[in-house]
Each structure stands twice: as C-alpha cells, then as structure tokens.
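Only one structure is covered here, and it is reproduced in the block below.
Everything quoted here is computed from the prediction, not taken from an experiment.
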Amino acid sequence: MGCIVQSLAGRDKGMLFLVVGIEENYVYLVDGDLRKVENPKRKKIKHVELTRYFDANMAERIAKKNKITNHDVKRVMKEIQE
C-alpha cells in the first residue's frame with residue numbers, strides 16, 4: 001500500500017493510481033479525482049504495473065488506518081506527474 005501503479009487494461013488504461021488496499025488477487029485503487037477514497041476501484045493485480053514511485057507518508061497513514069482524503073491523493077498524484 002502506498003505504491004503508485006499504472007493501469008494496463010480497461011477504460012482507465014495508462015492512468016496512475018494509488019494503492020490503498022490489497023486482497024488476494026486484487027488491489028484497491030484511488031486517484032482522488034475519478035476514483036475517490038470512498039469508492040476505490042477494485043482491479044486484478046495482473047492488470048496493473050508498479051511504477052518507481054512510492055509515498056511513504058501515505059503508506060504509513062493507510063497502515064495505521066488514519067483517514068486519507070481525496071485532496072491528499074490528488075497532491076501525491078500531482079507531485080508524481082510533475
């Protein structure tokens with residue numbers, strides 16, 4: 001959790017997401033804009049690719065079950081795209 005991944009399949013192909021949860025063969029993804037924290041996208045692990053980006057602060061907040069906001073996610077995504 002806290003990793004930034006790129007979608008490889010589906011209508012969101014090529015988009016970047018923050019991983020907020022992991023289940024057996026699935027990850028839960030948010031981008032703070034189209035996919036909000038309240039309603040994460042469930043996607044198969046094989047349909048995403050890890051990028052070299054990782055946000056330790058967000059990973060720590062997710063692990064400690066602290067609330068993250070869409071604004072926080074947007075900030076992280078903006079930093080990566082610059």
Side-chain angles (χ1 to χ4, degrees):
M1 292 179 285
C3 298
I4 306 298
V5 297
Q6 183 175 16
S7 174
L8 297 176
R11 65 175 65 172
D12 57 8
K13 182 177 181 178
M15 292 179 61
L16 295 176
F17 293 96
L18 174 71
V19 177
V20 294
I22 301 173
E23 200 175 86
E24 193 172 323
N25 292 322
Y26 295 92
V27 289
Y28 291 90
L29 310 172
V30 297
D31 68 359
D33 188 26
L34 298 175
R35 277 297 169 171
K36 308 279 186 188
V37 173
E38 300 82 28
N39 186 26
K41 169 88 173 156
R42 181 177 181 229
K43 198 165 188 85
K44 287 190 176 186
I45 291 175
K46 69 180 183 178
H47 292 153
V48 297
E49 177 180 54
L50 281 175
T51 64
R52 61 188 177 113
Y53 302 107
F54 175 78
D55 192 296
N57 181 34
M58 291 297 272
E60 183 179 333
R61 289 174 65 184
I62 293 167
K64 290 184 177 180
K65 306 249 188 239
N66 290 347
K67 184 174 180 181
I68 61 170
T69 65
N70 292 313
H71 180 72
D72 295 333
V73 175
K74 284 183 198 179
R75 180 187 46 79
V76 169
M77 301 308 269
K78 185 177 180 184
E79 289 173 2
I80 289 170
Q81 293 174 351
E82 290 179 350

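- Annotation for L50 and C3: closest pair CD2-CB, 3.9 Å, computed over non-hydrogen atoms.
- Following chains of ILVMFWY side-chain contacts shorter than 4.5 Å, one can reach I22 starting from M58, so the two form part of one hydrophobic cluster.
- Here the side chains of L34 and M15 are in contact, with some heavy-atom distance below 4.5 Å.
- Both F17 and I45 belong to a common hydrophobic cluster when Ile, Leu, Val, Met, Phe, Trp and Tyr are linked at side-chain heavy-atom distances under 4.5 angstrom.
- Separation of atoms CG (L16) and OH (Y53) is listed at 8.5 Å; rounding is to 0.5 Å.
- Interatomic distance, CZ of R42 versus CZ of R35, reported as 12.5 Å (0.5 Å rounding).
- In this structure, CZ in R75 is found 6.5 Å from CG in D55, a value given to the nearest 0.5 Å.
- Residues R61 and D72 form a side-chain contact, since some pair of their non-hydrogen atoms from C-beta on lies under 4.5 Å apart.
- Here the shortest heavy-atom pairing between A9 and S7 reads O-OG, 3.0 Å.
- Taking 4.5 Å as the limit, every side-chain heavy atom of K74 sits out of range of all side-chain heavy atoms of T69.
- No donor-acceptor pair under 3.5 Å is formed between the side chain of N25 and the backbone N or O of K44.
- In this structure, I62 and V19 have side chains that are not in contact, with every pair of non-hydrogen atoms separated by 4.5 Å or more.
- Closest non-hydrogen pair, Y28 versus P40, comes out as CB-CB, 4.1 Å.
- Grouping the Ile, Leu, Val, Met, Phe, Trp and Tyr side chains by contacts below 4.5 angstrom, directly or via other members, places V30 apart from Y26.
- When side chains are defined from C-beta on, V20 does not count as touching L29, because their heavy atoms never get closer than 4.5 Å.
- Note that the CD1 atom of I4 and the CG atom of L18 stand 4.5 Å from one another [nearest 0.5 Å].
- A 4.5 Å side-chain heavy-atom check between D12 and K43 finds at least one atom pair inside the cut-off.
- A distance of 7.5 Å separates CD of E38 from NZ of K36, quoted to the nearest 0.5 Å.
- Linking ILVMFWY side-chain heavy atoms closer than 4.5 Å, directly or via other members, places I80 and L8 in two distinct hydrophobic clusters.
- Rounding to the nearest 0.5 angstrom, the gap separating the CG atom in N66 from the CD atom in E60 is 8.0 Å.
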